[in-house]
Amino acid sequence: MMARKKIGIIGAGNMGRAFATRLAAAGHDVSITATDPAHAEKAAAEAGANARAVRPHTVARETDLLILAVPYAAAGDALRGAGDVTGKTVVDISNPVTPDYSALALGFSTSAAEEIQKVAPTAKVVKAFNTIFAQVLGAAQRGTSAQVLYAGDDAGAKNDVRALIESMDLEAVDAGPLANARLLEPLGMLNIYLGYAGGRGTGIAPVWEAAA
(Lines give C-alpha, C1' and ligand atoms only; values in the text may rest on other atoms or scores of the structure.)
Protein backbone atom coordinates (compact mmCIF):
# COMPACT_ATOMS: atom_id res chain seq x y z
CA MET A 1 0.00 0.00 0.00
CA MET A 2 1.44 3.36 -1.03
CA ALA A 3 1.90 5.87 1.77
CA ARG A 4 0.02 9.14 1.45
CA LYS A 5 1.84 11.23 -1.15
CA LYS A 6 1.74 14.79 -2.42
CA ILE A 7 0.74 14.42 -6.06
CA GLY A 8 0.89 17.26 -8.57
CA ILE A 9 -1.34 17.19 -11.66
CA ILE A 10 -0.51 19.50 -14.55
CA GLY A 11 -3.68 19.91 -16.58
CA ALA A 12 -7.36 20.03 -15.66
CA GLY A 13 -8.92 18.42 -18.71
CA ASN A 14 -10.75 15.09 -18.70
CA MET A 15 -7.73 13.08 -17.56
CA GLY A 16 -6.52 15.68 -15.08
CA ARG A 17 -9.92 15.83 -13.41
CA ALA A 18 -10.17 12.03 -13.34
CA PHE A 19 -6.74 11.78 -11.70
CA ALA A 20 -7.67 14.40 -9.12
CA THR A 21 -10.87 12.58 -8.19
CA ARG A 22 -9.37 9.11 -7.99
CA LEU A 23 -6.15 10.10 -6.22
CA ALA A 24 -7.98 12.23 -3.68
CA ALA A 25 -10.34 9.33 -3.00
CA ALA A 26 -7.27 7.11 -2.47
CA GLY A 27 -6.13 9.45 0.31
CA HIS A 28 -3.36 11.37 -1.45
CA ASP A 29 -2.83 15.11 -1.17
CA VAL A 30 -3.56 16.42 -4.66
CA SER A 31 -2.43 19.73 -6.15
CA ILE A 32 -3.80 20.50 -9.60
CA THR A 33 -2.87 23.32 -11.92
CA ALA A 34 -3.96 24.54 -15.34
CA THR A 35 -3.37 27.42 -17.73
CA ASP A 36 -6.77 28.75 -16.70
CA PRO A 37 -6.87 28.90 -12.88
CA ALA A 38 -10.66 28.58 -12.91
CA HIS A 39 -10.38 25.14 -14.49
CA ALA A 40 -7.98 23.98 -11.78
CA GLU A 41 -10.18 25.39 -9.05
CA LYS A 42 -13.24 23.62 -10.44
CA ALA A 43 -11.37 20.30 -10.71
CA ALA A 44 -10.11 20.60 -7.13
CA ALA A 45 -13.59 21.39 -5.83
CA GLU A 46 -15.03 18.37 -7.63
CA ALA A 47 -12.29 16.09 -6.27
CA GLY A 48 -13.02 16.94 -2.63
CA ALA A 49 -11.19 17.90 0.53
CA ASN A 50 -7.87 16.25 -0.38
CA ALA A 51 -7.43 18.37 -3.52
CA ARG A 52 -6.51 22.00 -4.07
CA ALA A 53 -5.71 24.27 -7.01
CA VAL A 54 -2.23 25.80 -7.24
CA ARG A 55 -0.38 28.11 -9.62
CA PRO A 56 1.63 26.38 -12.37
CA HIS A 57 5.06 27.57 -11.23
CA THR A 58 4.57 26.13 -7.71
CA VAL A 59 3.32 22.65 -8.52
CA ALA A 60 6.73 20.91 -8.68
CA ARG A 61 7.98 22.50 -5.48
CA GLU A 62 4.96 21.43 -3.45
CA THR A 63 4.63 17.78 -4.58
CA ASP A 64 6.46 14.45 -4.55
CA LEU A 65 5.39 13.22 -7.99
CA LEU A 66 4.05 14.99 -11.08
CA ILE A 67 1.46 13.78 -13.57
CA LEU A 68 1.70 15.56 -16.90
CA ALA A 69 -1.94 15.45 -18.01
CA VAL A 70 -1.82 17.70 -21.06
CA PRO A 71 -1.69 16.97 -24.81
CA TYR A 72 1.77 16.12 -26.10
CA ALA A 73 2.01 19.38 -28.07
CA ALA A 74 1.64 21.33 -24.83
CA ALA A 75 3.79 19.09 -22.64
CA GLY A 76 7.12 20.86 -23.05
CA ASP A 77 5.84 24.30 -22.15
CA ALA A 78 3.74 22.92 -19.30
CA LEU A 79 6.69 21.11 -17.77
CA ARG A 80 9.03 24.07 -18.17
CA GLY A 81 6.45 26.24 -16.40
CA ALA A 82 6.07 23.87 -13.45
CA GLY A 83 9.22 24.94 -11.62
CA ASP A 84 12.31 22.89 -10.80
CA VAL A 85 11.65 19.22 -11.59
CA THR A 86 15.16 18.00 -10.75
CA GLY A 87 14.89 14.51 -9.28
CA LYS A 88 11.11 14.43 -9.61
CA THR A 89 9.20 11.49 -11.04
CA VAL A 90 7.18 12.81 -13.98
CA VAL A 91 4.40 10.62 -15.39
CA ASP A 92 3.76 11.22 -19.09
CA ILE A 93 0.26 10.06 -20.07
CA SER A 94 0.17 11.51 -23.59
CA ASN A 95 -0.37 9.96 -26.98
CA PRO A 96 1.28 12.15 -29.67
CA VAL A 97 -1.70 12.15 -32.02
CA THR A 98 -2.06 14.28 -35.14
CA PRO A 99 -4.57 17.17 -34.98
CA ASP A 100 -7.28 15.04 -36.64
CA TYR A 101 -6.60 12.06 -34.33
CA SER A 102 -5.99 9.83 -37.36
CA ALA A 103 -2.39 8.81 -36.58
CA LEU A 104 0.62 9.32 -34.34
CA ALA A 105 2.80 12.35 -35.06
CA LEU A 106 6.01 10.49 -34.16
CA GLY A 107 7.27 7.01 -33.46
CA PHE A 108 9.67 4.22 -34.51
CA SER A 109 12.88 6.04 -33.49
CA THR A 110 11.49 8.03 -30.56
CA SER A 111 8.32 8.59 -28.53
CA ALA A 112 6.49 11.36 -26.72
CA ALA A 113 7.91 10.14 -23.42
CA GLU A 114 11.50 10.16 -24.68
CA GLU A 115 11.07 13.65 -26.12
CA ILE A 116 9.66 14.87 -22.81
CA GLN A 117 12.67 13.35 -21.03
CA LYS A 118 14.87 15.49 -23.30
CA VAL A 119 12.93 18.60 -22.27
CA ALA A 120 13.46 17.74 -18.59
CA PRO A 121 16.72 15.76 -18.46
CA THR A 122 17.03 16.05 -14.66
CA ALA A 123 13.58 14.53 -14.08
CA LYS A 124 12.69 10.83 -14.08
CA VAL A 125 10.06 10.33 -16.78
CA VAL A 126 7.80 7.28 -16.67
CA LYS A 127 5.25 6.51 -19.37
CA ALA A 128 1.89 5.36 -17.97
CA PHE A 129 -1.89 5.70 -18.24
CA ASN A 130 -1.86 6.42 -21.99
CA THR A 131 -3.86 3.27 -22.75
CA ILE A 132 -6.93 4.08 -20.65
CA PHE A 133 -9.63 6.70 -21.06
CA ALA A 134 -10.60 9.26 -18.44
CA GLN A 135 -13.94 7.48 -18.03
CA VAL A 136 -12.12 4.32 -16.90
CA LEU A 137 -9.68 6.17 -14.67
CA GLY A 138 -12.34 8.24 -12.99
CA ALA A 139 -14.85 5.45 -12.47
CA ALA A 140 -16.55 5.98 -9.13
CA GLN A 141 -16.31 2.34 -8.12
CA ARG A 142 -12.98 1.13 -6.80
CA GLY A 143 -11.66 -2.36 -7.36
CA THR A 144 -11.84 -2.10 -11.15
CA SER A 145 -9.78 -4.65 -13.07
CA ALA A 146 -8.29 -2.07 -15.47
CA GLN A 147 -4.60 -2.48 -16.15
CA VAL A 148 -2.08 0.35 -16.45
CA LEU A 149 1.09 -0.33 -18.41
CA TYR A 150 4.12 1.70 -17.37
CA ALA A 151 7.65 2.08 -18.75
CA GLY A 152 10.73 3.93 -17.54
CA ASP A 153 14.47 3.79 -17.03
CA ASP A 154 14.76 4.73 -13.35
CA ALA A 155 13.93 1.84 -11.04
CA GLY A 156 12.94 4.05 -8.12
CA ALA A 157 10.63 6.17 -10.27
CA LYS A 158 9.03 3.04 -11.70
CA ASN A 159 8.44 1.70 -8.20
CA ASP A 160 6.77 4.99 -7.25
CA VAL A 161 4.49 4.82 -10.31
CA ARG A 162 3.64 1.18 -9.67
CA ALA A 163 2.68 2.04 -6.10
CA LEU A 164 0.64 5.00 -7.33
CA ILE A 165 -1.27 2.79 -9.76
CA GLU A 166 -1.96 0.17 -7.11
CA SER A 167 -3.08 2.82 -4.60
CA MET A 168 -5.96 3.54 -7.01
CA ASP A 169 -6.93 -0.16 -7.07
CA LEU A 170 -5.66 -0.56 -10.62
CA GLU A 171 -3.35 -3.32 -11.83
CA ALA A 172 0.19 -2.22 -12.69
CA VAL A 173 1.95 -3.95 -15.61
CA ASP A 174 5.69 -3.28 -16.05
CA ALA A 175 6.30 -2.65 -19.76
CA GLY A 176 10.07 -2.25 -19.55
CA PRO A 177 12.36 0.71 -20.33
CA LEU A 178 11.27 4.17 -21.44
CA ALA A 179 12.05 3.33 -25.07
CA ASN A 180 9.09 0.95 -24.94
CA ALA A 181 6.87 4.02 -24.94
CA ARG A 182 7.35 3.60 -28.71
CA LEU A 183 5.19 0.48 -28.31
CA LEU A 184 2.75 1.82 -25.73
CA GLU A 185 1.83 4.91 -27.74
CA PRO A 186 0.61 2.94 -30.80
CA LEU A 187 -1.41 0.81 -28.37
CA GLY A 188 -2.90 3.99 -26.97
CA MET A 189 -3.73 5.11 -30.51
CA LEU A 190 -5.46 1.78 -31.19
CA ASN A 191 -7.51 2.20 -28.02
CA ILE A 192 -8.57 5.67 -29.20
CA TYR A 193 -9.58 4.24 -32.57
CA LEU A 194 -11.61 1.42 -31.02
CA GLY A 195 -13.27 3.79 -28.58
CA TYR A 196 -14.35 6.38 -31.14
CA ALA A 197 -14.17 5.25 -34.79
CA GLY A 198 -14.66 1.62 -33.75
CA GLY A 199 -17.77 2.50 -31.78
CA ARG A 200 -16.81 0.70 -28.57
CA GLY A 201 -17.05 3.79 -26.37
CA THR A 202 -14.67 5.19 -23.80
CA GLY A 203 -15.27 2.63 -21.08
CA ILE A 204 -12.69 0.26 -22.60
CA ALA A 205 -9.05 -0.54 -21.87
CA PRO A 206 -6.60 -3.22 -23.07
CA VAL A 207 -6.04 -6.13 -20.67
CA TRP A 208 -3.19 -8.66 -20.83
CA GLU A 209 -4.22 -12.11 -19.63
CA ALA A 210 -2.42 -15.43 -19.47
CA ALA A 211 -3.83 -18.14 -21.69
CA ALA A 212 -5.81 -20.78 -19.84
Side-chain angles (χ1 to χ4, degrees), residues 1-71 74-75 78-79 81-94 120 123-150 152 156-173 202-203 205:
M1 186 72 176
M2 186 182 198
R4 186 181 184 122
K5 292 287 187 179
K6 295 179 180 179
I7 309 297
I9 301 169
I10 303 173
N14 290 341
M15 287 294 286
R17 293 196 306 273
F19 272 116
T21 298
R22 190 139 191 172
L23 288 167
H28 298 294
D29 294 320
V30 175
S31 296
I32 186 166
T33 189
T35 304
D36 186 339
H39 292 168
E41 289 165 7
K42 181 179 179 182
E46 292 173 349
N50 287 340
R52 64 187 181 121
V54 299
R55 296 296 183 182
H57 67 279
T58 69
V59 68
R61 183 178 69 236
E62 298 180 4
T63 54
D64 302 316
L65 179 150
L66 292 171
I67 298 173
L68 192 55
V70 297
L79 199 51
D84 185 7
V85 297
T86 300
K88 298 280 185 181
T89 296
V90 175
V91 181
D92 164 42
I93 72 165
S94 69
K124 304 168 185 177
V125 175
V126 176
K127 187 77 183 187
F129 295 99
N130 72 299
T131 58
I132 63 173
F133 287 110
Q135 288 77 5
V136 174
L137 179 62
Q141 70 274 14
R142 293 172 63 86
T144 176
S145 61
Q147 293 180 344
V148 178
L149 294 94
Y150 65 102
K158 288 180 71 175
N159 284 338
D160 287 344
V161 173
R162 175 189 52 76
L164 181 76
I165 294 166
E166 292 174 349
S167 77
M168 292 186 279
D169 286 345
L170 297 166
E171 182 182 350
V173 179
T202 55

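It should be emphasised that the depicted structure is a prediction, and the values quoted were computed from it without experimental measurement.
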Inset, instruction - Would you please name every residue forming a side-chain contact (heavy atoms from CB on, under 4.5 Å) with A157, sequence neighbours left out? - result: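 By the side-chain contact (heavy atoms from CB on, under 4.5 Å) rule, A157 matches T89, K124, V126, D154.
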Legend entry - side-chain contact (heavy atoms from CB on, under 4.5 Å) involving A205 - partner list, sequence neighbours excluded: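 Counting only residues at least two positions away or on another chain, A205 forms a side-chain contact (heavy atoms from CB on, under 4.5 Å) with I132.
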Could you check whether any side-chain N or O of [X] sits under 3.5 Å from a backbone N or O of [Y], counting only pairs where one atom can act as donor and the other as acceptor?
X	Y	value
K127	S94	yes
R61	G83	no
T33	V54	yes

Inset, instruction - For R4, look at atom CZ and say whether over 12 heavy atoms of other residues, nucleotides or ligands are found less than 6.0 Å away. - result: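 Correct, the count exceeds 12.
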What is the distance from atom [atom1] of [X] to atom [atom2] of [Y], rounded to the nearest 0.5 Å?
X	Y	atom1	atom2	result
Q135	M15	CD	CE	9.5 Å
Q147	L170	CD	CG	10.0 Å
D92	I67	CG	CD1	11.5 Å
I32	R17	CD1	CZ	8.5 Å
I93	L137	CD1	CG	8.0 Å
K88	L79	NZ	CG	12.0 Å

Going by heavy atoms in the side chains, are [X] and [Y] under 4.5 Å from each other?
X	Y	answer
K158	V161	no
N50	H28	no
L23	L164	yes

Shortest non-hydrogen separation from [X] to [Y] and the atoms involved:
X	Y	answer
A44	A51	O-CB, 3.8 Å
V148	A128	CG1-CB, 4.3 Å
L68	A75	CD2-CB, 3.8 Å
V85	A120	CG2-CB, 4.0 Å
S167	A26	O-CB, 3.4 Å
A34	A40	N-CB, 3.9 Å

Legend entry - salt bridge (Lys or Arg N to Asp or Glu O under 4.0 Å) between K6 and D64, worked out: CA-CA 5 Å; K6 295 179 180 179; D64 302 316; over 6 Å; no
Inset, instruction - Check I9, L65, I10 against V91 for a side chain to side chain contact (heavy atoms under 4.5 Å, CB included) and give me the one that passes. - result: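 Of all the options given, the one that passes is L65.
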Inset, instruction - Determine, stepwise, if the pair L149 / V173 fulfils side chain to side chain contact (heavy atoms under 4.5 Å, CB included). - result: CA-CA 5 Å; L149 294 94; V173 179; 4.2 Å; yes
